[in-house]
Amino acid sequence: MKKNKIIRIALAIVLIIVVIAIGIFAFVWGKLGLLQYENDDSKTKSDIVITDDIPEPILTEDDFIIDENGNKVVKQLISDSVVAALGITGSKADVVPPTEKIVEDNRVLNVLLIATDESTKRFTNNANADCMIIMSINKKHNTVKLVSLERGTAVPISIGQYAGEYEWLNNMVRQGGPGLLYRTVMECFRVDLMGYIRVNPTIFTEIVDACGGIDLSLTAAEAEYINNGLGAGTVKVGKNHLDGKTAEAYARCRAIDDDWSRIGRQRTVIQAALTQAKGMSVSELNSMLDKVLPLVKTNLKPFEITELVLQVPSIAGKTAQQMSLPKAGTYKIMQNSYGKNMFATDFDKNAQILHEFLYN
């Protein structure tokens, strides 16, 4: 009799565990259904080749701006102060192809975060990558690392009428979609990426607002920039509690300094959101997912996303180690064949630096 009672209790416990597991699976699967999935061959196709065979380029209107004198000039990412300091000292010969092998370690999950510059929630391929960050999660040590990639890095185009030409890294979405950007990052920086997660500026607002805002300390120049764009008195010098729109303005600012500082601000916003998410309740997290996930596009498979989601509790609130590439001293400034300033990068050195940062 006693034995039967023990068996019944054991069966009841197993049944409860199974019901809970089914509930969790149904919840996670339902959330994954909110994502936009991209079907492409970017995980298997690898054809990024550095070459001296440069075709005649055909520019589009997106490659130009009107300067202060009313002249139509090629749009530049690299600030005049950086160009003045370094000079146009490089050429395509200074773009050093990588020889490093790609490191594969199943304890380290690397994902490319891409924020494109559409002004609406809809994704298009007529866009540039406003932000490119490798997010690396170490499952063994429960750490997270963020590596920003400079938009003006010179990379070779591997497809289409511009094949062989050098372009800004952020222009790869427009040349061949996010899959081309993903493959270019893997091949040039020799990094093992699970896939990419693509968002646009709208998601910054949604995530920060869902978190209840984020706390950041602003310099005088940052505060003035935000107040000029959003209205006087929006923020002050020092500590501020920023809502979504204000955080987006902060993350996109580069007019006050340079693009290196800008990508640092982008990582700061991500870090602040990670810190804020630690204190969110289950219902608040659920509400945030319902708002944010429909604004995300990815080539990750559902089981890969599930693996990433399972790491969230272990990294929420953690301080991320941060870095930007290419590193100072590993690049020169060059112009491509139609006058764009860009960083002629030694990818071999930067691959070594990246491997050391991610795996040690």
Side-chain angles (χ1 to χ4, degrees), residues 17 20-35 37-38 42-44 100-115 131-149 178 182-183 185-187 189-199 203 207 211 266-280 282 285-286 288-289 292-293 296-325 350-360:
I17 293 173
I20 292 174
I22 292 174
I24 293 174
F25 177 81
F27 173 80
V28 172
W29 199 257
K31 295 303 178 187
L32 294 182
L34 298 175
L35 292 164
Y37 290 95
E38 186 116 63
S42 57
K43 290 194 175 185
T44 57
E100 289 285 302
K101 290 184 178 180
I102 294 179
V103 176
E104 295 184 5
D105 186 337
N106 58 17
R107 297 170 300 177
V108 179
L109 308 177
N110 300 319
V111 177
L112 180 63
L113 305 180
I114 305 170
C131 171
M132 297 162 291
I133 294 177
I134 298 171
M135 179 181 69
S136 181
I137 299 172
N138 188 305
K139 296 191 293 183
K140 180 180 179 181
H141 300 296
N142 294 328
T143 57
V144 59
K145 299 178 181 180
L146 302 174
V147 182
S148 296
L149 303 176
Y182 167 78
R183 295 200 311 276
V185 170
M186 281 196 298
E187 290 301 314
F189 290 97
R190 309 306 288 162
V191 59
D192 180 35
L193 296 173
M194 293 175 65
Y196 61 79
I197 295 175
R198 179 184 180 183
V199 300
I203 205 168
I207 291 176
C211 289
Q266 292 167 347
R267 296 196 305 270
T268 298
V269 170
I270 293 174
Q271 176 63 66
L274 282 173
T275 302
Q276 195 73 13
K278 186 178 181 180
M280 295 177 69
V282 173
L285 285 170
N286 182 56
M288 181 178 73
L289 290 174
V292 168
L293 292 182
V296 174
K297 199 167 190 177
T298 183
N299 69 340
L300 289 164
K301 305 301 180 186
F303 73 89
E304 293 173 317
I305 298 171
T306 302
E307 184 177 13
L308 288 171
V309 169
L310 291 175
Q311 307 307 314
V312 171
S314 65
I315 65 171
K318 292 286 184 70
T319 299
Q321 298 178 53
Q322 302 182 22
M323 183 175 71
S324 298
L325 292 178
N350 281 277
Q352 294 169 22
I353 293 168
L354 181 59
H355 291 171
E356 180 71 21
F357 181 69
L358 296 183
Y359 299 105
N360 295 314

query: Is it true that a side-chain atom of R190 and a backbone atom of E100 form a donor plus acceptor pair closer than 3.5 Å?
result: yes
Flag the pair [X] / [Y] as yes when at least one side-chain heavy-atom distance between them is below 4.5 Å, and no otherwise.
{"X": "T298", "Y": "V111", "value": "no"}
{"X": "Q311", "Y": "L109", "value": "yes"}
{"X": "I134", "Y": "F189", "value": "no"}
{"X": "I305", "Y": "Y37", "value": "yes"}
{"X": "L300", "Y": "L308", "value": "yes"}

Nearest-0.5 Å distance, [atom1] of residue [X] to [atom2] of residue [Y]:
{"X": "M186", "Y": "R183", "atom1": "CE", "atom2": "CZ", "value": "8.0 Å"}
{"X": "I114", "Y": "C131", "atom1": "CD1", "atom2": "SG", "value": "10.0 Å"}
{"X": "I137", "Y": "E307", "atom1": "CD1", "atom2": "CD", "value": "9.0 Å"}
{"X": "E187", "Y": "Y182", "atom1": "CD", "atom2": "OH", "value": "10.5 Å"}
{"X": "N350", "Y": "S324", "atom1": "CG", "atom2": "OG", "value": "11.0 Å"}
{"X": "Y359", "Y": "D192", "atom1": "OH", "atom2": "CG", "value": "5.5 Å"}

If you look at every heavy atom in [X] and [Y], which pair is closest and at what distance?
{"X": "I133", "Y": "R267", "answer": "CD1-CG, 3.9 Å"}
{"X": "C211", "Y": "A273", "answer": "SG-O, 4.2 Å"}
{"X": "G195", "Y": "N299", "answer": "CA-OD1, 3.3 Å"}

message: If the test is side chain to side chain contact (heavy atoms under 4.5 Å, CB included), which one of I353, L146, L358 qualifies with M323?
response: I353
